[in-house]
Amino acid sequence: MSPFSPQLEARFRELMQRYPARRSALVPMLLYAQDELGWLTPAAVQRIAELLAETELAVREVIGYYSMLRTEPTGKYHVQVCTNISCLLRGGDELYAHCERRLGVGHKQTAADGVFSLEEVECIGACSWAPAVQVNYDFHQELTVEQLDKILDAYAARARGERTDS
Amino acid sequence: MTTPHPLETRVVSRRFDQPDAHTLAGYLASDGFRALEKALAMAPDKVIEEVKASGLRGRGGAGFPTGLKWSFVPKQSPREKYVLCNADESEPGTCKDRLILEYDPFAIIEGMLICGHAIGAHRGYIYIRGEYRYLLDRMEQALAEARAAGYVGKNIRGSGFDFELHAHTGAGAYECGEESALMESLEGKRGIPRLKPPFPAVSGFMGGPTVINNVETLASIPPILLNGGAWFAAFGPPKNGGTRLFCLSGHVERQGVWELPLGFPLRKLIEDLGGGMRNGAKLKAVVPGGSSTPLLPGNVAWDLNLDFDSVAKVGSFLGSGGVVVVDENTCMVRFALRIMQFYRHESCGWCVPCREGTQWLQTSLTRFHNGGGRAADVDLMKEVSENILGRTFCALGDAAAMPTLSILQHWRQEFLDHLAGKPCPFGARTTAGAVGAH
Amino acid sequence: MADPALVHLTVNGQPLQVPAGTLLIEACKQHGIEVPSFCYYPNLSLQAACRMCLVEIEKMPKLQTACTVVVSEGMVVNSDSETVHRARKSAIEFILTNHPLDCPVCDAGGECELQDMTFKYGAEQGRFVEPKRHREEQQWSPVVYFDRPRCILCYRCVRACGEGMDVWALGVANRGINATIIPSHQDHLECEECGNCIDICPVGALTSGAYRYQTRPWEMQHVGAICTFCGDGCKTTLGVRNGEILRGDNRDKSGINGDFLCIKGRYGLDFTRHPERLKQPLARRDGELQPVSWGYALETAAKRWREIQKAQGAIGVIGSTRILNEEAYTLQKFARQVLGTPHLDHHRTADFPALFDALAGRGAESLARLDDLKTAPAVLLVGGDPTPQHPLTAWNLRWGYRQHKTRLYVLNSGDIKLRRQAYRYAQVASLAAAVRYLNGEGEAQSAPLTGVAEPSEKRWPQTPAAEVARLDEGLQDFRARLRQEQDVIIVFSGDIAGDSVRDLVAFGNSLSGQTRYLALADNANARGAADMGLYPDLLPGYVPVAAGQAGLNLEQMLAALPRQGLASLYVVGANPFRSHPVAAGDLKQTFLVVQDLFLTETARQADLVFPALCAYEKAGTVTNTGGQVQPQRRGGGCEGAKSDLEILHRLAAAMGEAAWGAADPDRTLQEIRAQVKGYDLPLAKLLAGEAPLALPLNGRVPRAAADLPLRPHHDTLFTAGTLGRYSATLNSVMEGRADKR
Ligand SMILES: Cc1cc2nc3c(=O)[nH]c(=O)nc-3n(C[C@H](O)[C@H](O)[C@H](O)COP(=O)(O)O)c2cc1C
Ligand code: SF4
Ligand code: FES
């Protein structure tokens with residue numbers, strides 16, 4: 001039984017055709033699987049190994065290598081604060097410290113309500129718009145602490161909204 | 001979209017202010033695919049000659065002459081050949097490829113098609129770092145349009161030339177920007193670099209002859225083909241052909257990415273484009289080409305022209321075009337630590353000096369910065385860096401050692417000051433040990 | 001073939017000549033110049049990860065790794081400069097940064113490459129003052145433990161498991177300083193449990209659950225013995241302390257098995273210490289087996305046998321496929337001369353007589369050694385499943401595939417793991433019919449394919465994909481391609497016998513070049529039992545007994561029991577009643593004497609039981625399935641038990657054969673060398689462990705009076721008859737549990 005949606009399964013089938021050998025699709029498949037499930041569950045690992053006719057060990061070796069791939073859940077909004085040099089010079093550290101205070105969690109931790117998780121990340125390619133934060137895949141750049149607060153407020157509100165919807 | 005600055009020479013970035021250049025219609029409206037048309041009418045060798053004549057050197061960091069690289073690909077090969085675009089852009093201080101992917105994705109596609117024709121390849125992949133998801137989406141959109149209109153796939157626009165092209169996402173690994181590690185990653189493996197030789201031009205992706213170029217390098221190809229190599233070369237000083245994108249960040253009034261002819265004075269970049277030092281502070285140091293390049297003291301940097309040879313002459317590299325400006329209020333111990341934190345996190349772990357050395361230096365620098373330094377540490381850190389330099393499997397080890405050595409050399413006094421208990425301008429906070437703790 | 005071109009280079013001022021294509025590190029080694037390394041390992045893929053082997057090469061800007069540079073003409077190398085020494089020292093210093101210096105309690109202490117290198121090249125004072133990163137030790141299986149901080153990430157274990165064993169149960173997880181070796185199943189290993197990863201580990205990161213923390217290497221004697229399990233004859237070095245065998249390993253790699261040992265050779269030997277080992281003779285009194293003295297037991301046997309002889313009762317003798325050559329030879333002599341009976345046999349698992357009959361008139365050139373499989377251009381494997389049954393044979397086949405692109409043709413009635421290395425694979429309903437078809441008789445349809453296998457995904461990129469063709473072209477294609485091969489080695493198991501073996505040889509003889517043959521028999525000295533004449537119709541060296549003089553074979557002897565057809569049955573190191581259960585009543589008239597290590601199903605029914613020593617506890621020779629003769633050396637002991645040779649001599653004495661004298665394996669070996677065709681081997685080579693080939697090719701061997709079906713054991717990696725059942729370690733690994741029979 002696949003842990004993935006039929007759409008994702010179809011996408012995987014298409015992806016595996018793109019390369020001379022289907023194993024090439026492994027890293028994208030893992031990332032897309034994570035996008036759908038939130039993290040790489042054992043069932044996801046097993047299914048992807050099966051699709052590629054690889055051992056689960058081979059898949060796990062790859063997962064451990066890439067820093068975006070996770071074998072544990074994160075918050076609904078994963079706040080990634082860059083503190084690398086360009087951001088460091090423009091207050092990336094302050095943004096990170098502020099997130100720690102506001103969210104009450106540290107590096108790679110998830111807040112109790114599951115809405116936010118925090119990670120200090122390496123350069124995300126926003127150096128000329130430093131300091132920068134990525135929430136899930138969305139970039140927020142040239143931030144002050146105040147602006148970041150507003151952004152986090154908006155995410156928090158979205159999380160609340162969605163929850164009352166369901 | 002970015003509006004051009006009067007001092008800019010927009011070649012690669014010429015469509016950055018065109019709102020619809022990322023659509024096929026918009027691209028076609030501004031010379032799109034005319035270079036391809038021209039190239040397909042030329043013999044492959046002639047295309048390579050033109051690229052050689054342009055003096056174009058790789059924009060990914062190493063600065064290898066692009067035409068020469070293409071010419072290394074064997075004409076006949078029992079194995080399929082490939083063109084790869086390196087859009088892993090992960091070098092701290094660098095954020096230029098992002099703009100090309102965003103505003104001019106078709107230029108990359110066109111550059112790859114031309115390269116494919118030149119070397120006899122019929123398949124390519126664009127390896128985009130995982131964090132750039134919106135750019136992956138944009139590229140896939142562009143590829144879909146191009147495919148639908150017959151610019152990608154079989155018998156491109158009736159020319160008889162086939163080229164299959166796909167975008168491919170990474171998932172967070174600086175080392176996957178190293179060309180052979182990228183190929184491993186593209187084969188679905190851990191991003192461990194490969195032994196060289198053989199070089200990719202002989203045996204690359206899937207063991208086939210492969211050209212791998214940076215986004216900006218490939219995006220420079222269409223204008224070079226359209227206007228001629230000599231035209232491009234004329235923008236810069238001899239052997240430093242063309243223009244390139246410089247990413248200015250750090251303690252300047254205005255950060256940004258601008259396209260300038262090679263040989264452009266760094267001082268003018270800071271003052272005229274960057275609006276000068278932030279808050280009028282004094283310049284202390286410049287990272288001239290991304291975090292891997294040795295830092296230059298302010299006074300050396302002030303008189304520097306930004307071309308490959310001039311920067312090499314003062315002991316550093318033009319690298320990836322990431323210019324990071326550091327002012328006098330910055331703690332260089334902290335700066336060295338942050339750089340090392342990066343390399344420790346990004347070391348693939350394959351070879352001993354890089355894996356163990358970056359860990360050693362990061363823990364030493366952390367302790368040192370936190371006030372636990374010992375007099376012996378300064379020379380020891382220098383020696384540890386020297387023991388990494390030139391002895392690692394791939395260039396990441398050098399990339400970690402070089403900036404560290406330059407900081408230890410030029411700002412040794414700051415280390416001694418830390419020992420003497422001087423207060424650190426950055427305060428005691430350090431995130432070291434957080435990043436990378438798996 | 002002409003000598004490959006030589007390349008001239010200079011290392012440290014010394015001119016060297018080596019074949020083109022040699023790696024610099026090997027070129028240096030060949031000329032006695034040591035370039036230290038951790039990650040480099042001959043015949044495994046190159047890593048260049050540890051950076052220990054850095055040397056200076058003229059005209060190269062940076063130090064180069066000698067483990068990856070191929071020599072070139074005129075190359076000038078310095079491996080002894082100040083720069084090189086500094087680089088080495090720093091590599092060790094880096095490796096030691098996170099290495100716990102727990103050498104005093106580490107199993108590898110005293111046999112650790114890192115210790116040795118640190119001593120030689122190292123980093124005497126530690127300059128690393130940062131905290132070390134401690135990690136708890138992990139148990140990955142009953143036999144494999146992993147101590148993460150000790151690991152230096154040389155990736156040897158990963159390659160030995162993947163490239164060498166084709167098991168791929170070890171991998172690398174995480175990145176950078178967090179990189180670590182991981183087992184196949186998150187927190188544990190599921191694999192062949194061969195332990196090669198432990199042997200190949202240069203430090204004490206991987207240690208063996210069967211040995212760890214028991215002793216220090218220097219407290220043991222290290223005795224090179226031959227494994228007593230399968231017929232391949234691997235050398236295993238016994239670690240012996242106070243007469244107790246504590247471990248088997250293969251670190252010195254001096255045997256025919258090179259780097260290889262399987263789980264049995266390495267761990268199975270703990271049966272020697274099993275509490276149920278027999279240590280005293282037993283005699284049945286009042287229906288119960290009770291301990292008796294050796295003198296009583298020997299006298300009782302002799303007395304009964306003399307009575308039976310006098311009454312002209314039939315005596316059957318069943319010999320062993322695990323006893324030494326000297327013992328097997330003496331047993332047949334005892335049976336024929338002392339007991340005076342022709343009823344002698346052993347459990348047969350390969351038809352050597354048929355092979356030698358078919359090869360009649362041909363010499364050594366038609367016999368393959370196990371080693372030859374490593375370089376053969378093509379191999380035809382008929383029947384059997386070498387991976388579990390003949391692990392060294394399988395290792396060598398994989399080696400050939402990996403290093404020499406051997407084309408492996410597999411003809412089998414099942415789906416065996418070697419299909420992964422197969423060039424052509426035919427799964428057939430009847431092996432006999434398929435072999436007849438190969439030999440040009442009969443139709444392909446008479447041996448219908450029951451399945452055809454695609455080679456599974458290859459894990460190493462150097463596999464030339466073009467050579468792995470589809471396998472659905474049937475037997476015709478299989479035969480056609482084989483016919484184009486030259487110098488084929490034909491390997492066959494006990495799944496074929498008699499005329500099928502003759503058909504196979506006829507086919508092999510029709511191929512071009514020199515076809516060589518290898519028959520796979522199941523136990524450690526199955527070949528020795530055959531060569532030494534444990535047959536009712538063949539004397540030592542496959543010499544036929546006089547016409548009409550053949551005795552009963554094993555099946556006939558067992559069949560005679562319920563009919564009270566044997567007055568006595570003497571079973572030496574065999575357990576026939578396990579596969580042929582015998583009711584107690586059937587034995588009423590039969591005086592059953594059993595000589596063994598344990599109270600087996602057969603021994604339990606005996607009237608008299610002699611406790612025997614096992615192969616690791618005695619000296620002599622054994623012959624592997626390919627005919628290579630190797631010395632067996634005495635490792636441990638077992639107080640109270642005696643060697644089969646000694647028991648036979650004592651029985652002979654008790655029976656009144658004064659001339660036999662005391663047991664002396666050397667003297668018996670002399671007799672074998674003089675008496676047995678093909679065993680006149682050079683003694684010096686034999687004792688040096690060079691494993692010379694016995695050549696009992698002897699002209700025609702008549703078909704056995706009654707053709708006896710072979711009964712291959714079909715052992716798995718984790719079973720090995722009686723011995724295996726008494727090995728705690730073999731029984732402890734989870735992979736084996738499903739297989740226990
Ligand atoms: C550790 C490391 C990281 C690298 N990262 C990148 C990168 O993110 N993007 C890139 O274009 N080149 C990167 N490179 C350089 C590539 O290896 C390669 O030289 C480049 O893609 C070649 O393209 P070019 O000749 O067009 O510059 C990196 C090199 C190293 C050693
Ligand atoms: S220098 Fe070594 S450990 Fe570092 S990234 Fe390169 S191969 Fe990996
Ligand atoms: S032996 Fe050459 S790098 Fe390890």
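Lettering follows sequence order; numbering is per chain, from 1.
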C/R175/B/E175 ion pair, N-O < 4.0 Å: no
Structural part of C/A91 lying under 4.5 Å from a heavy atom of chain B: backbone
side-chain contact (heavy atoms from CB on, under 4.5 Å) between B/R391 and C/K62, intermediate numbers included: CA-CA 8 Å; B/R391 298 194 189 147; C/K62 297 202 288 191; over 6 Å; no
Under 4.5 Å from a heavy atom of chain C, the part of B/A376 involved: neither
Chi angles and distances behind the side-chain contact (heavy atoms from CB on, under 4.5 Å) call for C/E93, B/V384: CA-CA 10 Å; C/E93 186 177 36; B/V384 171; 5.7 Å; no
Among C/I177, C/T97, C/N98, the one residue meeting side chain to side chain contact (heavy atoms under 4.5 Å, CB included) with B/Q359: C/I177
Option that, when pairs with chain B are counted at under 4.5 Å, heavy atom only, ranks first among C/P61, C/P131, C/C154, C/A87: C/A87
Distance (rounded to the nearest 0.5 Å) between B/E356 CD and C/I152 CD1: 10.0 Å
Structural part of B/T392 lying under 4.5 Å from a heavy atom of chain C: backbone
Least distance between heavy atoms, C/A48 atom then B/C351 atom: O-CB, 4.5 Å
Contact origin within B/R355 toward chain C - heavy atom pairs under 4.5 Å: both
SG on B/C348 to CG on C/N174, rounded to 0.5 Å: 12.5 Å
Neighbour count above 12 (heavy atom, 6.0 Å) for B/K313 NZ: no
Gap between atom NZ of B/K196 and atom OG1 of C/T68 - 0.5 Å precision: 12.5 Å
Most contacts with chain C, counted as non-hydrogen pairs under 4.5 angstrom, among B/T363, B/D377, B/I388: B/T363
C/R51 vs B/F393, side-chain contact (heavy atoms from CB on, under 4.5 Å): CA-CA, chis, key distance, verdict: CA-CA 8 Å; C/R51 319 306 284 179; B/F393 188 99; 3.7 Å; yes
Parallel, tilted or perpendicular, as decided by the 30° and 60° cut-offs, for the rings of C/Y155 and B/W350: parallel
Side-chain donor-acceptor contact under 3.5 Å, C/E130 with B/S364: yes
Between CG on residue B/L195 and SG on residue C/C67, distance to nearest 0.5 Å: 7.5 Å
B/R374 versus C/V129, closest heavy-atom pair with distance: NH1-CG1, 3.5 Å
Over 12 foreign heavy atoms within 6.0 Å of CZ, B/F64: yes
